[in-house]
Amino acid sequence: MTSSRTTAHPRRIAILGAGRIGRPVGRHWIRAGHTVTFGSRTPDRLAEFVDSLGGRARAANWHGAVSDADVVMLAVPYEGVDALAEEVGHLLAGRTVIDATNPMTVSAEGRVASALGPGTTAGSRMAERLPGVAVVRAFSHVVEELLETRAFSPMPVAMAYAGDDARAKAEVADLIGDTGFQPVDLGSLAESAPLDPGGVLFAGLFTEADVRHRVDLVRRAGEAVTAVA
């Protein structure tokens with residue numbers, strides 16, 4: 001990281017999950033001027049980490065983190081998604097929810113793949129789990145270790161996102177900018193497969209032009225197959 005920026009629209013953000021995604025992204029948002037609550041089943045374990053971030057950071061359980069948040073980021077391991085949705089899903093209605101979870105598996109050929117199989121994106125599945133919630137898929141495709149080190153890079157690093165709610169997408173694009181990455185809109189949740197495990201953007205580091213080129217190639221190939229069929 002070489003710099004930071006200050007937001008013109010401070011928000012109250014809850015990050016559910018304080019691991020390798022939640023921590024660096026939360027740091028960036030706090031530096032930008034947002035207030036961040038890290039939600040955990042064991043918030044006491046985050047005391048030292050939160051204290052190091054200053055007065056705009058705190059830790060709470062999932063309910064406490066979500067209760068007064070404008071935006072909620074889901075950054076728990078994917079195996080915890082069902083429990084999270086059952087416990088606090090009813091509190092998320094009307095809020096912008098950033099889905100950074102990854103249903104990852106390894107295929108029979110030994111390749112990284114989505115555990116949901118073909119035809120279902122992680123974002124679409126999350127929206128089904130959380131009816132009435134404006135889900136935006138983001139922060140899922142950049143390698144976790146780079147979320148801290150490549151923010152505000154001299155070569156702008158792209159962070160692609162997708163969603164079905166225009167207002168929520170605009171809000172998330174602004175928040176992506178606050179983390180030092182360049183937001184790139186991929187379209188709807190149905191079109192967000194490039195962001196999922198095994199997708200053309202997954203675990204990569206790209207500029208905006210790289211993102212658009214790769215996604216365009218995949219979409220053109222898909223259209224060609226459909227036309228032949």
Side-chain angles (χ1 to χ4, degrees), residues 1 4 7 10-93 95-105 112 115 122-123 125-126 129-130 133 135-152 159 161 171-172 175-176 178-181 195-197 202-203:
M1 186 184 69
S4 63
T7 181
R11 297 173 178 86
R12 295 169 298 179
I13 304 172
I15 300 179
L16 305 187
R20 292 185 294 177
I21 294 176
R23 291 193 180 209
V25 173
R27 286 190 194 99
H28 294 315
W29 282 336
I30 289 166
R31 291 175 183 134
H34 302 290
T35 298
V36 177
T37 301
F38 294 89
S40 171
R41 288 190 179 277
T42 54
D44 291 346
R45 294 185 179 180
L46 299 178
E48 183 177 353
F49 168 67
V50 169
D51 288 346
S52 72
L53 299 178
R56 288 195 302 274
R58 70 184 185 98
N61 60 27
W62 285 351
H63 283 83
V66 169
S67 61
D68 64 349
D70 304 311
V71 177
V72 178
M73 181 179 190
L74 308 183
V76 297
Y78 197 78
E79 55 268 25
V81 164
D82 286 336
L84 185 151
E86 183 174 347
E87 187 168 330
V88 300
H90 63 288
L91 300 176
L92 300 177
R95 304 177 197 266
T96 296
V97 171
I98 301 171
D99 176 24
T101 65
N102 275 319
M104 190 156 53
T105 189
V112 171
R125 179 62 60 84
M126 187 63 74
R129 282 192 173 101
L130 302 174
V133 174
V135 173
V136 179
R137 184 86 167 129
F139 294 100
S140 65
H141 73 92
V142 172
V143 177
E144 297 164 353
E145 290 80 1
L146 302 179
L147 290 173
E148 183 76 56
T149 61
R150 296 310 297 266
F152 299 99
M159 179 70 70
Y161 65 98
E171 186 171 33
V172 172
L175 289 171
I176 289 172
D178 288 340
T179 67
F181 292 89
L195 306 178
D196 293 349
F202 188 74

Any side-chain heavy atom of Val97 within less than 4.5 Å of one from Met126?
no

Less than 3.5 Å apart, any donor N or O on the side chain of Asp178 or His34 sitting next to an acceptor on the other?
yes

Atom CG of Leu16 and atom OG of Ser40: how far apart are they, to the nearest 0.5 Å?
9.5 Å

Got Tyr161 and Ile176 here, is their nearest side-chain heavy-atom distance under 4.5 Å?
yes

Using the rule given for salt bridge (Lys or Arg N to Asp or Glu O under 4.0 Å), can you reason through Glu148 versus Arg23, listing the C-alpha separation, both sets of side-chain angles and the distance that settles it, and then say yes or no?
CA-CA 9 Å; Glu148 183 76 56; Arg23 291 193 180 209; over 6 Å; no

Using only atom types and a distance under 3.5 Å, with no angle test, would you say the side chain of Trp29 pairs donor to acceptor with the backbone of Leu175?
yes

Take Arg12 and Asp70, measure what salt bridge (Lys or Arg N to Asp or Glu O under 4.0 Å) needs, and give me the verdict at the end.
CA-CA 5 Å; Arg12 295 169 298 179; Asp70 304 311; 3.0 Å; yes

Run the salt bridge (Lys or Arg N to Asp or Glu O under 4.0 Å) test on Glu87 and Arg41 for me, step by step, so that the C-alpha distance in whole Å, both residues' side-chain angles and the decisive distance to 0.1 Å come before the verdict.
CA-CA 11 Å; Glu87 187 168 330; Arg41 288 190 179 277; 3.2 Å; yes

Side chains of Val142 and Leu147 in contact at under 4.5 Å (non-hydrogen atoms)
yes

Residue Glu86 excluded, over 12 heavy atoms near CD under 6.0 Å:
no

Close side-chain approach of Leu74 and Leu84, heavy atoms under 4.5 Å:
yes

Arg137 and Asp196: CA distance, side-chain angles, deciding distance, side chain to side chain contact (heavy atoms under 4.5 Å, CB included) verdict:
CA-CA 9 Å; Arg137 184 86 167 129; Asp196 293 349; 2.9 Å; yes

Can you find a pair of side-chain heavy atoms, one from Phe139 and one from Met159, that are under 4.5 Å apart?
yes

Could you note down all residue pairs passing side chain to side chain donor-acceptor pair (under 3.5 Å) where residues 47-62 supplies at least one of them, sequence neighbours left out?
Thr37-Arg58

The test is ring pair (Phe, Tyr, Trp, His ring centres under 6.0 Å); show your working for Phe49 and Phe38 and say whether it passes.
CA-CA 10 Å; Phe49 168 67; Phe38 294 89; 5.1 Å; yes

Start with the C-alpha gap between Val36 and Ile15, add the side-chain angles, then the distance that decides, and say whether side chain to side chain contact (heavy atoms under 4.5 Å, CB included) holds.
CA-CA 7 Å; Val36 177; Ile15 300 179; 3.8 Å; yes

